Every structure is written in structure tokens, then in C-alpha cells.
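Quick notes on the structure that follows.
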Amino acid sequence: MLGSPSLLVKFAALSLVLMSVLGVTLSFQLARIIRQRSLATNERMAGQLVAFVANLATVGVRTNSNGLPTVQQALLLRHSFDAYSEQGLASGVDAWTPNGTLSYSDDPVSIGSKLPMPAAARASLAGARTSRVITSSTDMHLQAIIRRDGPVFAIYVPVRLGVNAPILAAVAMYMPYRPIAEAISSDTRTASLLLAVCFGLLYLGLFHLVWRASHRLRRTADLNEQLASHDALTGLPNRVLLADRFGQALRADARAGTTTGLLLIDLDRFKEVNDTFGHHYGDELLSQVGPRLAAVLRDVDTVARLGGDEFAVLLPDTRSVEDAVAIATKLRAALETPFHVHGIDLDVEASIGVVLAGEHGKDPTTLLQRVDIAMYVAKTQNLGVFAYDPDIDRHSPAKLALLGDLRRALERGELILHYQPKISISTGHVISAEALVRWQHPDRGLIFPDDFIPLAEHTGLIGPLTRCVLDTALAQVRSWTDADRPLGVSVNLSARNLLDERLPAQVAELLATHGVPAELLELEVTESALMTEPVRAQRLLEELSALGVRISVDDFGVGYTSLGQLKTLPVSELKIDKSFVMTMTDDRSNALIVHSVVDLGHNLGLTIVAEGVETEQALSALREFGCDVAQGYHVSRPMTADALDTWLHARTILPVQSADTATPHPPPPRPRLPANPSHPAVTPARSQPDAPNWSG
Ligand code: C2E
Ligand code: CA
Ligand code: CA
């Protein structure tokens, strides 16, 4: 295409060369023509002179018997010749009679001689008219002329008295060639100059035309490209360009080890705007969406319009799904500000699907499909933002419907906490209680965390959920403290909480709000959560630990953390995963694992907790291994705060058998209440145990 400058330069150079070659060739041709024409003109002129002279010479005058002109005739000829010579038209003249006698010459001494006739003269006697430029000659007469006037232009003309009359003589007229040559070269110079000017102008004109055409072509090409890759209404990149940039981003990811996020945004109430106010308003609103989104994004991010009210945002170099979700949440908030369209404020909301390359797929097609699913879930379940969940296809519609309710549940306080006590194995004392969240759903009853925590993690709701749990749990600690029964609480953190840099500040604020000393709060973090982003997790845990909050490693043993790694973390407790504890009485290798974790953990100065203690047998084994703390159905199932109060109360009167038989200990100074000795853990009517047949 001519659009590229280098091609234009090439064209200019090539056409210059071609035009130059053509120009030079033409000027040579022109010079040749000029010379030919000039000589022909001179030849004609000389021919006319000869004819004139000859006519003069023959009017009423006859040559004498030996064919020579009479004196009178010679004088007349001489007179005519001199007239031409004075005008610079003639340098010399020779005339031969058919018998070879030089009958006339401007050199009078040679007249009458019978020197050999030149071939051109002989040809003229035979009727030919010829001409040539003579620069040197053996003829004495010619030599003298050349010496005097320079090269001559010799014209040989036959002389006859009528068209068909016999030839009387051959006349050679010698014209000075120098003025002819000068005229020729002057004409040639002028013609060449004119030619050069013409070619130059032609070249410039042509170049200008081509340049303009190429410019126009380029503009058209740019426009076509713009139309092919951009949305006409908003000027944003379209699906084609998005796919292109997505491909580029994925290739960059492969090179640099980064990851790219993709958001799919669908406006929720856009149709209403179109239906109520008309397309004019709808279009204006759509064109305001791009700038609104761009204001929140980095320069490297791409906002594209995929059609209708659907937009996509490409987020190169996004570190985690959480980061992508955070950006999506910000974008959603940005869209919440009403759009000012033709004097009216219009409200729209957006549903945003989120995917992260690598985590949710490798190729653009899969990722685009999945972000579509994520957006669909966000929209149908009224979630606002939803990150693709690989399990989503397996989720029952009922579970999906739950997603939509979760946000409302948080707002309406449908999330409640059950508490499961942790006891000291050696003393049987209740050390603290683990707060376990449940959802008291208005239609579906009590829902357990495994059914909604993963969904909360995907919808960006885990932050608010954790905050809500912390708030409730600390309020409970406060109320226990106020009732003079101080008890610490453990709260579970999600892997995603560990990536939220605001968490330490939130914890500090909640501790302060409830006036709870940090030592009464313990945060349980799973091994896998620690390993998701170890560096970030470590920094966050250090901040939390600096507040005085204790950190416990939950589900220990199922992940790959080495005890050595734990040394570097500000951790004070290890909770051996219940899968080992529940089976250790039947499985010797699990018993061995539990035993060695106890020993190694103690070496590191950690408190060891066994969760999932379901039997007396297990408790005894743990006691033998030297384990510090037990938690499990054998001690108590998780229960409401009220139920725990009752349970604790009963326990002060008659401690649970398991703990009691192990290590007799003085019961804490608590008000004594009547209790049923055979059923120490009575379920009060208002308590809500996790399962109906639980026992302490
Ligand atoms: P987890 O932190 O390992 O909590 C212990 C789970 O084991 C609880 O299940 C508890 O009811 C159950 N459990 C306790 N003792 C026994 C026992 O002797 N035998 C058996 N088989 N199970 C026992 P739950 O309450 O259903 O919680 C499940 C998981 O949900 C928790 O596991 C925790 O990871 C998560 N979770 C609960 N509450 C929260 C929360 O507030 N925030 C976060 N992020 N996660 C939570
Ligand atoms: Ca836990
Ligand atoms: Ca656990």
C-alpha cells in the first residue's frame, strides 16, 4: 500500500530514476532531430542559393567552347558569391562540368583544372543532391577554406535548366559549419532545458498526485481500521480489538509470568432507560459509560463495548482473583453515580463477571465463555460481582439461588454464630470457643458454612462476612466478660481475607469498639490459605500478631506446610486436622502423625490442638501423646451462645466425664446451679445445636 512513507519514498526515487532516464533519452533524440532539421534547412537554403546563382549564370549567357564560363559570366558569379559570403552564408564554391573540368570556383586559380572530382560531385552529376560536414580534406582549396573558416557544411547540387533538362554542372557550396553547430547546440540546450523543466514539473505534479492519493488512501485505511476495531457509537474498542489485545496480554503473561483479568459488565436497568426515554437517551448514556470506567482504571487496561449494554474490561498484570474482584467492585461503584443525560439523572446498575487467566482458563475463548457465565450468575442472582467458580456448572439451581440471598442475609443479620468449646486436655478447663458461622435462612432453615463460604469468597462478600463474624464474636466476648465469665474466641479467616490489607485495621477497630483485649481473640488460618500467597499472608499475620491477636494454623496436616516454615510465621497454635484425629484410634499411621506433630510442635513452642475429638478413646490417646487442647463432638458440638452459657454453667457443677476423669481439677469459682448429674450437657429449649442428638 502507498500509505507507508517508506513506500512513498521508494516510489519517488524510482520514478525519479525512470523520469531521468526518459528525460536523457528524449533530450538525445531531440538533439539529433534538431541537428538533422538544422542541416536539412541549411542544405535547402544552400540548394536555393546554388539554383539562384546557376540561374543567374545561365540567363542569356553560355559557357564557351571548353565549357568554362565567360569572363563576364565568372564575374557575375563571383559577385553573387561574394554577396553570400559577406553575409556569412558561404565559405566557398566549386562547380564541375560533366566532363570533369572544374568550371568554376571561388579560388580563381583552380578554374579550368581537371583535378579528381569528389565522389559527392560525381553523384550530383548523376542527379543526387547530398550534403556532409567536412572537417579535413586532401583538396587544397577545401584545406584553405577549413583553415580560414573552420569545418564546412558542403552541399553538392546538380544544376539543370528545367526539371527534365540535362545536368549542366555539379555545384558544391561550402557553408561555414561553426555558426550552424552553434545554432544547433544552442537550440539543443534550450530544448533540453525546456524538457528538464517540463519533466521536473511533471514529476512534481505526479508526486503530488501520488502523495495526495496515498494520504487519502491512508486516511481511508485508518478509518476502516477504526471502524473494524472500534464501536461506532462509543468509540471504544470492539469485540475484535478486545480479542486481539486479550491474545497479546496472554502472550505477555506467558513471557513475564503475569496474569490478566477480564471483566464482563452488563448494565442492569438499561432497557428501562431505552424504553422510557428513547434510544437517544440510551445512546448518550452508553457513551458516558466508557469514560466513567476509564477514570477508575489504569492506562494499560482496555474498556471495550461488546454490543448493547455489554462492556468488557481487560486488566493486564492482575495478581489475583481478589484484585480483579476489587477492581470490578470499584467499577460497579463508579457506575452507581447517576448519569446526567440531556438534563435528566439516570440510574443504572451493573452486574460484573470476573475471570483471571491461568486460574479460570488459558485461552481467550474459554475465558470469554467463563466470564459470560460469571456475569450471568452475577446478574441472575443479583450479586453485583461474581468471579467464575469452576463448580458453578455443578451447582444446583437451589445453590445458585442462595448466592442471591447472601448479600441480603448479611444486611438482615441472618448470619448467626455457633460456638464450639476448646478444652484443656490436662485440666478439662474450657479455654476458649471457636465461632462457627451459620446462616439462618428464612425458608431453608439452618445452612452450614461449607454451603456458602466458598460462594461468599467468589462474590467479594467474604470481607463483609468476616467482619460481621468478628463483630458478633467480639460482642459475645464482651458480654461474657461483662457477666464475669471471660472466655476467648477463635474466628476463622478465609484465604481471601489474608489478601485484604485492610483487615488488621478492621480487627483493631472492632477490638476497640467492643473493648475486648486482643489476647481474647484468636484467628484461625488454614495451611492452604497461608500458602496461597505466603509473602502477603506473612506480612498481614505479622500486623495482626503485633496487635496482640493470637494466630492458629487450622486443618494442619492436610497441606504441605513444613514445621520449619511455621517457625518464621507469628503462629502460636497448631490445630491437627480432624481427618487424622477422627481416625487415629483405628489407623496407626494417623496416630503416629498426630503423635509426631504434637512432639515437633512442642519443640517449636506451639500449643497443639486436636479437633474432631469424637470419642473418649481418642481423648485418652491425645492425653498420652501430650496434646494440649481438645475440640470435638465428644466435648461438645457447636451451639448457640445461650446454649454454651448453659453448657458452661452445667459443667461448673459436674464437669464432663471425659475431661474430668483425665485430670481432676478444681472447678472454676462459678455460681452453683442444680443440674442433672447423668446428663451434664443439657440442651435448653432455646438453644440451637448443629445436630439434634448431640452430647457433651
Ligand atoms: P473448621 O474451621 O475446621 O471447623 C471445624 C468444623 O468441624 C466445624 O464444621 C465443626 O462443626 C466440625 N466439627 C467440630 N467437631 C467435630 C467432630 O468431632 N467431628 C466432626 N466430624 N466434625 C466436627 P462447620 O461448622 O460446618 O464449619 C466448617 C468449616 O467452615 C470450618 O471448618 C471453617 O473452615 C469454615 N467456617 C466456619 N465458620 C467460618 C467463619 O466464620 N469464617 C470462615 N471464613 N470460615 C468459617
Ligand atoms: Ca477452624
Ligand atoms: Ca479445622
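Along the sequence shown, residues are numbered consecutively beginning with 1. Quick caveat: nothing in here was measured; it's all calculated off a predicted structure. In listed order, ligands and their atoms are each counted from 1. Quick note: numbers below take in every heavy atom, side chains included, and nothing from hydrogens, waters or symmetry partners.
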Donor-acceptor pair, [X] side chain versus [Y] backbone, under 3.5 Å?
X      : Y      : result
Asp555 : Asp577 : no
Arg298 : Pro316 : yes
Thr259 : Thr318 : yes
Thr646 : Asp642 : yes
Ser552 : Asp554 : no

Criterion side chain to side chain donor-acceptor pair (under 3.5 Å) against Ser490, the qualifying member of Lys422, Glu434, Gln420, Gln631: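 The residue from Lys422, Glu434, Gln420, Gln631 that satisfies side chain to side chain donor-acceptor pair (under 3.5 Å) with Ser490 turns out to be Lys422.
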Under 3.5 Å: N/O of Glu434 near N/O of ligand 1: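 So ligand 1 has an N or O lying under 3.5 Å from an N or O of Glu434.
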Show me the side-chain donor-acceptor pairs of residues 506-515 shorter than 3.5 Å, one per line, residues at least two apart or across chains.
residue, atom, partner, partner atom, Å
Glu509, OE2, Arg467, NH2, 3.1
Thr513, OG1, Glu509, O, 2.6
His514, NE2, Asp471, O, 3.4
His514, NE2, Asp471, OD1, 2.6

Mark up the atoms of ligand 1 that fall under 4.0 Å of a heavy atom belonging to [X], in ascending order.
X      : answer
Gln420 : 14 (C), 15 (N)
Asp450 : 28 (C), 29 (C), 30 (O)
Pro449 : 24 (P), 25 (O), 26 (O), 27 (O), 28 (C), 30 (O), 36 (N), 37 (C)
Asp555 : 3 (O)

[X], portion touching ligand 1 at heavy-atom distance under 4.0 Å:
X      : value
Gln631 : neither
Met582 : side chain
Leu417 : neither
Asn492 : both
Glu611 : side chain
Thr466 : neither
Arg438 : side chain
Asp554 : side chain

Minimum non-hydrogen distance to [atom], winning option of [options]:
atom                    : options                        : answer
atom 40 (C) of ligand 1 : Leu470, Leu415, Leu493, Val437 : Val437
atom 5 (C) of ligand 1  : Lys578, Glu614, Arg496         : Lys578
atom 10 (C) of ligand 1 : Thr472, Leu436, Asn497         : Leu436

Using ring centroids (six-membered ring only for Trp), state whether Tyr419 and Trp647 fall under 6.0 Å. no
Looking only at side-chain N and O atoms, does [Y] offer a donor or acceptor that is under 3.5 Å from a partner on [X]?
X      : Y      : value
Asp268 : Ser351 : yes
Thr583 : Asn590 : yes
His360 : Asp389 : no

Validation row: Val516, Leu521 side chains within 4.5 angstrom (heavy atoms): no
Taking 4.0 angstrom as the limit, do Glu519 and Arg550 come out as a salt bridge? no
Output yes when Glu522 and Lys575 qualify as a salt bridge under the 4.0 Å nitrogen-oxygen rule, no when they do not. no
Which N, O or S atoms belonging to the protein are less than 3.0 Å from the Ca ion (ligand 2)?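 Listed by chain and number, the nearby protein N, O or S atoms are Glu434 OE2, Asn492 OD1, Glu524 OE1, Asp554 OD2.
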Look at ligand 1 and say whether His418 reaches it with a heavy atom at a distance under 4.0 Å. no
